[in-house]
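Following: one structure in structure tokens, then a few remarks.
What you are looking at is a predicted structure, and each value in this text was computed from that prediction instead of being measured. Sequence lines set the chain letters: A, B, ... in the order given, protein chains first and strands last, and positions in each chain run from 1.
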Amino acid sequence: MSFDLLSSGLSILAQVENPPTTAPAVVPVVNPADTAWMLVSTALVLFMTPALAFFYGGLARSKNMLNTMMMSFIAMGFVGVAWALVGYSLAFSDGNKFIGGLSWAFLQTIGTDPKVGTTIPHVLFMAYQATFAIITAALISGAIIERMRFGAYVAFITLWSIVVYAPVCHWVWGGGWAGAAPGIGALDFAGGTVVHINAAAAALVAAIVVGKRKDFGRQALLPHNVPLVLLGAGALWFGWFGFNGGSALASNASAATAFTNTMLAPCATMVAWTLLDLLRTGKVTGVGCGTGIVVGLVAITPAAGFLSPTSAMAVGLIAAFPSYFAIIIRAKTSLDDSLDVFAAHGLGGITGALLTGVFADETWGGAGNKGLLNGNPGQLLIQAEAIVGTLVYSLVVSFILIKIIGFLLPLKATDAQQGVGLDVVDHGEEAYSNGEGAVLILENESTSTPAASPSTIGAR
Amino acid sequence: MSFDLLSSGLSILAQVENPPTTAPAVVPVVNPADTAWMLVSTALVLFMTPALAFFYGGLARSKNMLNTMMMSFIAMGFVGVAWALVGYSLAFSDGNKFIGGLSWAFLQTIGTDPKVGTTIPHVLFMAYQATFAIITAALISGAIIERMRFGAYVAFITLWSIVVYAPVCHWVWGGGWAGAAPGIGALDFAGGTVVHINAAAAALVAAIVVGKRKDFGRQALLPHNVPLVLLGAGALWFGWFGFNGGSALASNASAATAFTNTMLAPCATMVAWTLLDLLRTGKVTGVGCGTGIVVGLVAITPAAGFLSPTSAMAVGLIAAFPSYFAIIIRAKTSLDDSLDVFAAHGLGGITGALLTGVFADETWGGAGNKGLLNGNPGQLLIQAEAIVGTLVYSLVVSFILIKIIGFLLPLKATDAQQGVGLDVVDHGEEAYSNGEGAVLILENESTSTPAASPSTIGAR
Amino acid sequence: MSFDLLSSGLSILAQVENPPTTAPAVVPVVNPADTAWMLVSTALVLFMTPALAFFYGGLARSKNMLNTMMMSFIAMGFVGVAWALVGYSLAFSDGNKFIGGLSWAFLQTIGTDPKVGTTIPHVLFMAYQATFAIITAALISGAIIERMRFGAYVAFITLWSIVVYAPVCHWVWGGGWAGAAPGIGALDFAGGTVVHINAAAAALVAAIVVGKRKDFGRQALLPHNVPLVLLGAGALWFGWFGFNGGSALASNASAATAFTNTMLAPCATMVAWTLLDLLRTGKVTGVGCGTGIVVGLVAITPAAGFLSPTSAMAVGLIAAFPSYFAIIIRAKTSLDDSLDVFAAHGLGGITGALLTGVFADETWGGAGNKGLLNGNPGQLLIQAEAIVGTLVYSLVVSFILIKIIGFLLPLKATDAQQGVGLDVVDHGEEAYSNGEGAVLILENESTSTPAASPSTIGAR
Amino acid sequence: MKLIVAIIRPDKLNDVLKSLYKAEVRGVSVSHVRGHGGETENVETYRGTTVKMELQEKIRIEIGVSDHFVDPTVQSILSAAKTGEVGDGKIFVIPVESVYRIRTSEKDTAAVTPVAVKA
Amino acid sequence: MKLIVAIIRPDKLNDVLKSLYKAEVRGVSVSHVRGHGGETENVETYRGTTVKMELQEKIRIEIGVSDHFVDPTVQSILSAAKTGEVGDGKIFVIPVESVYRIRTSEKDTAAVTPVAVKA
Amino acid sequence: MKLIVAIIRPDKLNDVLKSLYKAEVRGVSVSHVRGHGGETENVETYRGTTVKMELQEKIRIEIGVSDHFVDPTVQSILSAAKTGEVGDGKIFVIPVESVYRIRTSEKDTAAVTPVAVKA
Ligand SMILES: Nc1ncnc2c1ncn2[C@@H]1O[C@H](COP(=O)(O)OP(=O)(O)O)[C@@H](O)[C@H]1O
Ligand SMILES: Nc1ncnc2c1ncn2[C@@H]1O[C@H](COP(=O)(O)OP(=O)(O)O)[C@@H](O)[C@H]1O
Ligand SMILES: Nc1ncnc2c1ncn2[C@@H]1O[C@H](COP(=O)(O)OP(=O)(O)O)[C@@H](O)[C@H]1O
């Protein structure tokens, strides 16, 4: 969806949202074709969260595999419920310029009539938005895997989805300050700012506050399963078609444009990333290929429906550079943003949001949506404002939130716990097991080994 | 789809099926938007069978991984063909109240004109239903993995799909006794009874007749690959959107409702399951998370299009309890329902079917479809009747069927075979191999090792 | 799509493409329902490439896992970009009977208005076709895994997609000689010739020119991860619904037919393959099941929208035989077509293309599209001509191309490199690693071990 | 001091561990091996290729014991690991010159005596 | 009685097994190890991190033999496992005090003599 | 000639390798084992089943050395692998009769002396 609904090609219906010229005659009606595409898009975006679990999990060490995956999966539970209960209302119901109200809390009054300004049932719009809230929260986990305690993490992302994600979403898509005025607002087709920059800022804060892994910088921490990283990257790409293509909220030309760009931009990023890899190390890496795909997808997200496929390839190509070098440099610092959430989603999102202000083209993105190259240099500034606003808010509020949680719950696993691995410590399971040496404990059996009590390492 | 097609929002077209007021003027025509959604839904439901293969396979031990996966995959072949040849006709063609006829056997007369009562090509409706028959049969395998012989299993599920699944499907969706009278029939939106309770009853019978694994109760039988369990759970959820959302048979408000509920109910189940885990063992398990997702999906299946999203979350939440505790208790009994098909699908389905009779709401589910909380306590009884009818029929006929097969084919692997693992015994393969010690056998070569003859352990 | 667009049921719109009776009154307009289905189809077909990466990767040895997967993934980058820049124009823009022009190079003039002859935005049609070009190129890799150098491979498939794929695509779907005349052209619904026979011919050439693996015929080269093979097969099936169903280019009866046939044909192949396995070795193998699914999908590809579901099952059944026995025989020859691309895609495609000429039926495929069994024996000859034409062109040009590349870049890994595995040699990574013995290299550190210089084995 | 190396069936590991525990043997290290002995081989088929798996999954147990513990340890393995079918495995008793406990740098007999755990 | 422990290249396992078979050595146990010797190291790169893999994949073979079998066994491994490149591995011959066959509780020489199989 | 077998914590492998390198020990072979000693056990829960994991991940290091190298090797392992917590592992020193270098068929001391590599 765009900051400016008029522009996304839904000219007739968008008038409903356009205050000056309220269109009295348009009776909102559910369009079956648009609904079909949005049903599919919602399923695709929900599927991105398991995909992310694989992408992140494959990059972790095997003793933390389950913990890493669960950090994504659990977002579907807790953030999903929080969104239905209050998040959606705070983001999308009427409120002030900074936050929505509670009139839609507990999904009150939300039915199957079309959401105003769209042609799809309101419940479906809510479900579609829920999948965005979930994946955004899950993205944060990449920065703090292998040491953040699971309880604190769940508390953090659940509350974050309410106090950070919902307001930022309101600013941009829910009637808030950033997206309010058609033609002069920032352009963010599918969430470069709301999703990626926002999550990356929170990830940065979390990585710093939680601190680095005990082995970071001392040992090589290698991905335990690169095929799963590629599985995740492939499935993310698949799901991203719903993320960007679905953001047109209809099965129309805008969706087709966003879709095509979501395909071509990562192709170009992959080519650029591959050649950078080749020049630097003489080899084309699989982890690099997966990372390049994600960076390309992130970069095209804010731009997807606003520019031509050729421009999309340019965006994908350019976006490879800042993220590629940031990842290399980050690894040499003491910042343990373990899976480079900031380099991939933060820088990728910023590059994409700025380039949207460069390449946006009225022919593709609708009247009024044009960037620097089409004679509207001011758009670049507007884009920068939205980026900075989101960064500042997310950094500050995420910091306060994680500090508060740190008072109530242990944030970080001890060195001994990190040694054992968080799968055993936080989940009492191993990802890969052959059952050797596993002894059944029956209820009323006295323990039969020298260890008198259950492991204290794994205790909370 | 629902017991009562009128209710699913297709008011105009459904009149065709409604005997008293036959609508002469309606010329059935394929609706492209509905077709698009049903094409997607069919693909999604077919994809659930590979997803199930992973969910089940990850929970098995590695020496039985392939066998477990093949039990799902093979259903796509044998049950798929059986369905096209006779199953579909027995389930959906005109017949008596208990079973259809053979007029559609071998897909005779089934073309691309809309199936009566729908707006999609008849072939597509048949294909959609085939995916249901396949996944239902495959579900059974969870109860008898790691010891049932493959040949007997294939015979069992193929025949079962004809003598148990097709009739029960006919009762409910094909014009039989259980779904015949609109407004007074049982409510089963997407197959809580036909699919889940039905499969769970057969699973229970199979687990008992085949008997338990040699190591059951003596050794800890741990999942060999929990990430694959989560992959399976994530992919099942994705596919389930087609299962429930597609059961509206159209791209309309009912589909959107069913879809949204299919998203929110498992979110709530996951939260409940997680908290139960935490309270009981102090840890949130990954296997529990995957199981919770499936239970939530099962529970919302009969209810999906009949209630509000808030009620769906209530259903998801409540459904966690019976299944959670049943799994714990079952593990302490001598019933080796290895992957808890009955606890997850049986109890989940029963809970969901009963709660449909509690929460069903005309606002969401269409005229006449209301439950206890909306002033129709009788619905709960009707739901119970459908549950009991299905349970009894499935238990009895499944028992007779598996006993007959047991006379003709070996049902159970010997202890020695179980020790080797069914991958080698029944498939002559290993799931994970590095080729060490594997010697090529060329056609006219005399064996070059002391073993004079090929292994007899693996022989049929 | 078909050689003959008239036949695919788009009667009104197809007239636009039919030179004699240009329909002046039809204003091309984007149809939202068709667009929704094609958006989904495009996503599904793109997803087939990661799926193929798993199918192929699981069959490789673990030391070549990443290399094998990367051979599929990299096609999304390089072939995707090449397609957008020139391939699409050469295939689909106006030109002569053998190749298109460059008027659409760099995607010039391609916008969101419907592509002539379709009801979907032109950009979307281009994106859909791009996914075909990508998967076709990636298919080739199965013949040369575990020894072809990555650089030469990338050069080969990228150029191949321009000099072989684009022209053949033009012949058949872009206005070239093979598909020019409606009613008398060859029938190829979704690419049996263009995609499968074409790729298989190139694979054969590559396998012969690159030569066999050092261990081929001497050691047993076993699949390292059969569950991933099944994951790949399941995901390929899922994606293939977009491949075949989407080739109707609309959400209509033809799509439903193609879809249903794409489901039933592999079911029948799986049954046949399974029984062949059982008769020959007494066991039903998992690798066989996955292979059977792919063969069934390949065989139904050219036929999908032209015949009845019952005929589709016959095609699936028959297609099992040539491929099954070819695989067994091939393994005994010195031809190291490592993953049997020719046996599966070449023979499967040929069988399917010929059987299309046998079973095609006007009732299902539209006026004029009928085969031997429906009184049009000539069709079989036309089919054979298209097969031979494609085979010859692809064999010859692929041979010249790979020979040229062989002059410029090393084609084959040395025996020592093959011993180490191409993951380390070409990508500098291991698929599965636990980080043991991995020592971090910091920038300005002098190497601390006897090995004075980095490995030369892995050097380019 | 001796090092006892036993190759056993994977199925029997838990039984052997239990039996060793009863024999008051506390320290063991366990690993996977694949073994060839007098057992019959599995024949496997992968597409066109038929292979004979000459190696079977086995478990290798390594136990450092002081001399008077050798016999009870061997006996408890023999009794727990036996099925009577070909393929039950072997036990090797190997002389050891010295043993160290890394935690304390204790040497020889002191190093193999288990210590109480303060949980 | 001796225990022969050989570290060889993974590529060479099947050749060694064949060679041992010809030398009439029947019982072997095989496992994975990763070794470091004089070999050059692979350099790998994962995103920003460059690492040197100091350990290479190797195979460890363990063979219990009676004394007069030591030499033929060692020779057959030496000949089959050799490539002449750095990294071919090592063979260790270790004294063994006693050997048991678990299936029969036979001891020492009787325990390492292969038995005929009734398939 | 001796064979030194050490069981250590996985975390400590890289430290031990570095320490061995400093002690000029070049040849090592490393494998995974799971061990039981005096350590506490992890309790894991899989659905209804609660299990006690009696075996912990450990690393087994095997080093063939000439006699005068035994002590430095043992000392460098002892110092690098120690955490002071239960579970640090053990070192066994085993007599070896002969050692061969497969590449050259050299025997005994010559076989364990590292060779320069021409990269
Ligand atoms: N001489 C040996 N050296 C090393 N391992 C052996 C030896 N003999 C047998 N084994 C191991 O023991 C396992 C069982 O041996 P086998 O000879 O089949 O059994 P049995 O002792 O019952 O005849 C083999 O798979 C192998 O791992
Ligand atoms: N002293 C040793 N102790 C244990 N294993 C060794 C020893 N020396 C070498 N190895 C093993 O043998 C492999 C090859 O050794 P290396 O010294 O590179 O070969 P070469 O003997 O050809 O010089 C190593 O990777 C290691 O696994
Ligand atoms: N007697 C033994 N034989 C073989 N391995 C042993 C022996 N004792 C200990 N181990 C190995 O050493 C590891 C640590 O031993 P443990 O007794 O817990 O430590 P500590 O020496 O600190 O008391 C065990 O997990 C096991 O792998």
Report yes or no: do E/D88 and E/T83 form a side-chain donor-acceptor pair below 3.5 Å?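 Short answer, yes.
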So, for E/P95 and F/P95, which heavy atoms are closest and what is the spacing to 0.1 Å?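 For E/P95 versus F/P95, the nearest heavy atoms are CD-O, 3.3 Å.
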Looking at E/R34 and E/E57, is there a salt bridge between them, counting it only when a charged N and a carboxylate O are closer than 4.0 Å?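 Salt bridge present between E/E57 and E/R34.
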In plain terms, say whether E/R60 and E/E62 are close enough for a salt bridge, that is, a side-chain N and a carboxylate O under 4.0 Å apart.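 A salt bridge links E/R60 with E/E62.
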Contact origin within [X] toward chain F - heavy atom pairs under 4.5 Å:
X	value
E/K82	both
E/V74	side chain
E/I94	both
E/E85	backbone

F/L17 versus chain E, the contacting section by heavy-atom distance below 4.5 Å: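 Answer is side chain: those atoms of F/L17 sit under 4.5 Å from chain E.
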Answer yes or no: is there a side-chain heavy-atom contact under 4.5 Å between E/H32 and E/I59?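 Contact flag for E/H32/E/I59 side chains = yes.
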Side chains of E/S19 and E/S79, heavy atoms from C-beta outward: is any pair under 4.5 Å?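 Answer yes - side chains close enough.
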Between atom OH of F/Y100 and atom CG of F/D108, what is the distance when rounded to the nearest 0.5 Å?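 That separation rounds to 7.0 Å.
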Nearest 0.5 Å please: distance from the OG1 atom of E/T73 over to the CD1 atom of E/I4.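 One gets 4.5 Å once the value is rounded to the nearest 0.5 Å.
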Quick check: under 4.5 Å, non-hydrogen atoms only, which of residues 5-12 of chain E neighbour chain F?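 Near chain F, by residue number: E/V5, E/I7, E/I8.
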For F/V96 and F/V65, run side chain to side chain contact (heavy atoms under 4.5 Å, CB included): C-alpha distance rounded to whole Å, both residues' side-chain angles, the deciding distance at 0.1 Å, then the answer. CA-CA 9 Å; F/V96 168; F/V65 290; over 6 Å; no
Residue, of F/S98, F/G64, F/S105, that accumulates the most heavy atom pairs under 4.5 Å with chain E: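 Of the candidates given, the most pairs with chain E belong to F/S98.
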What residue in F/L3, F/N14, F/T104, F/L20 has the most heavy-atom pairs under 4.5 Å with chain E?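 Result: the option with the highest number of such pairs is F/L3.
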